[in-house]
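Remember, it's a predicted structure, so these values are computed and weren't measured experimentally. One is the number of the first residue; the rest follow in order along the sequence.
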Amino acid sequence: LRRVVVPLDDASPEGHDALRGTAGSFRTTFHLVGTALTAGLEVEINTLVTRRNVDHLKAMHERLVDLPIAAWNLYLLVPRRGSNEAELLTATEVEQLFGFVHILRQIRPLPIRMFEAPHERRFQLEIDSGRRDRQIDALFDDTHWADFTGYVGIASEAPEEIIFITHSGEVWPSEFL
């Protein structure tokens, strides 16, 4: 075991526990983080970004930035049958989130990765080109997509080397199964 990945879905104990549906899970999360770091393990934090917590990301960043964590992984909510569509961010809110994450990445050296958000690459290309008003179609030529160097600042482990252990001890190949 080299790395532990734990969920943190809000900056406050009340918000995190409500989103997770388990009282005390906020305290348990930070206990696990401290234990893993003390044991010399790398730690990643996973956050599912919803309408309930998107406004709390700055406070979460402030809480995490001084910890020696390997990455903060932000996941956009993927709609699926039975999910609460009221929790989904609008397209405008997602663009605002991308802008906010872009700023956070420049403020402090906390590796932030976006998951379930392939359109963040388009946003980054627009930022890099200095022309946010540019036509999206123009971004799909070979000169922009030939090299992804620097897009993901930290290397991911191979998927076959990752397992997810739930709070109840169940072991899954993916946290979404």
I'd like to know if E14 pairs up with R20 as an ion pair, taking the criterion as any Lys NZ or Arg NE/NH1/NH2 lying under 4.0 Å from an Asp or Glu carboxylate oxygen. no
L76 and V94, any side-chain heavy atoms less than 4.5 Å apart: yes
Between the CZ atom in F100 and the CG atom in L74, the distance rounded to the nearest 0.5 Å is 9.5 Å
Side-chain donor/acceptor of D17 to backbone N/O of G24, under 3.5 Å: yes
Please give me the minimum heavy-atom distance between N73 and A71, naming the atom from each residue. OD1-CB, 3.7 Å
CG/L8 to CG/L64 distance, rounded to the nearest 0.5 angstrom? 6.0 Å
With sequence neighbours left out, write down each residue that passes side-chain contact (heavy atoms from CB on, under 4.5 Å) with A36, or none if nothing qualifies. V4, L41, V43
Is it the case that T47 and D9 place a side-chain donor and acceptor less than 3.5 Å from each other? no
So F123 and L125, do their side chains get closer than 4.5 Å, heavy atoms only? no
Which atoms form the tightest heavy-atom contact between H119 and E116, and what is the distance? CE1-O, 4.3 Å
When you look at NE2 of H31, are more than 12 heavy atoms from neighbouring residues, nucleotides or ligands closer to it than 6.0 Å? no
Before accepting this row, confirm whether a basic side-chain N of the pair R122/E95 lies closer than 4.0 Å to the acidic partner's carboxylate O. yes
Evaluate the salt bridge (charged side-chain N to carboxylate O under 4.0 Å, His left out) criterion for residues R2 and E44: first the C-alpha distance (whole Å), next the side-chain angles of each, then the deciding distance (0.1 Å), finally the verdict. CA-CA 11 Å; R2 293 181 308 201; E44 290 186 22; over 6 Å; no
Does the side chain of R51 come within less than 4.5 Å of T90's, by heavy atoms? yes
Can you find a heavy atom in the side chain of F98 that is under 4.5 Å from one in the side chain of M114? yes
Answer with yes or no whether the hydrophobic clustering places V49 together with L19; edges join I, L, V, M, F, W, Y residues whose side-chain heavy atoms lie under 4.5 Å apart. no
Which heavy-atom pair separates G15 from S12 by the least distance, and what is that distance? N-OG, 3.0 Å
Using the rule that two of Ile, Leu, Val, Met, Phe, Trp, Tyr join whenever any of their side-chain heavy atoms come within less than 4.5 Å, decide whether L88 and L48 are in one cluster. yes
Just one of I103, V101, I107 clears the side-chain contact (heavy atoms from CB on, under 4.5 Å) bar with R105, so which one? V101
Within 45° cone and under 6.0 Å: R63 NZ/CZ vs F30 ring: yes
Could you tell me the separation between the NE2 atom of H16 and the OG1 atom of T22, rounded to the nearest 0.5 Å? 8.0 Å
Not counting sequence neighbours, which residues clear salt bridge (charged side-chain N to carboxylate O under 4.0 Å, His left out) with R52? List them please. E87
Only distances under 3.5 Å count here; give the side-chain donor-acceptor pairs of residues 54-61 to other protein atoms, sequence neighbours excluded, each with its distance to 0.1 Å.
| unit_1 | atom_1 | unit_2 | atom_2 | d |
| --- | --- | --- | --- | --- |
| H56 | ND1 | D10 | OD1 | 3.2 |
| H56 | ND1 | D10 | OD2 | 2.8 |
| K58 | NZ | E62 | OE2 | 3.0 |

Value for OG1 (T50) from CG (N53), rounded to nearest 0.5 Å, stands at 4.0 Å
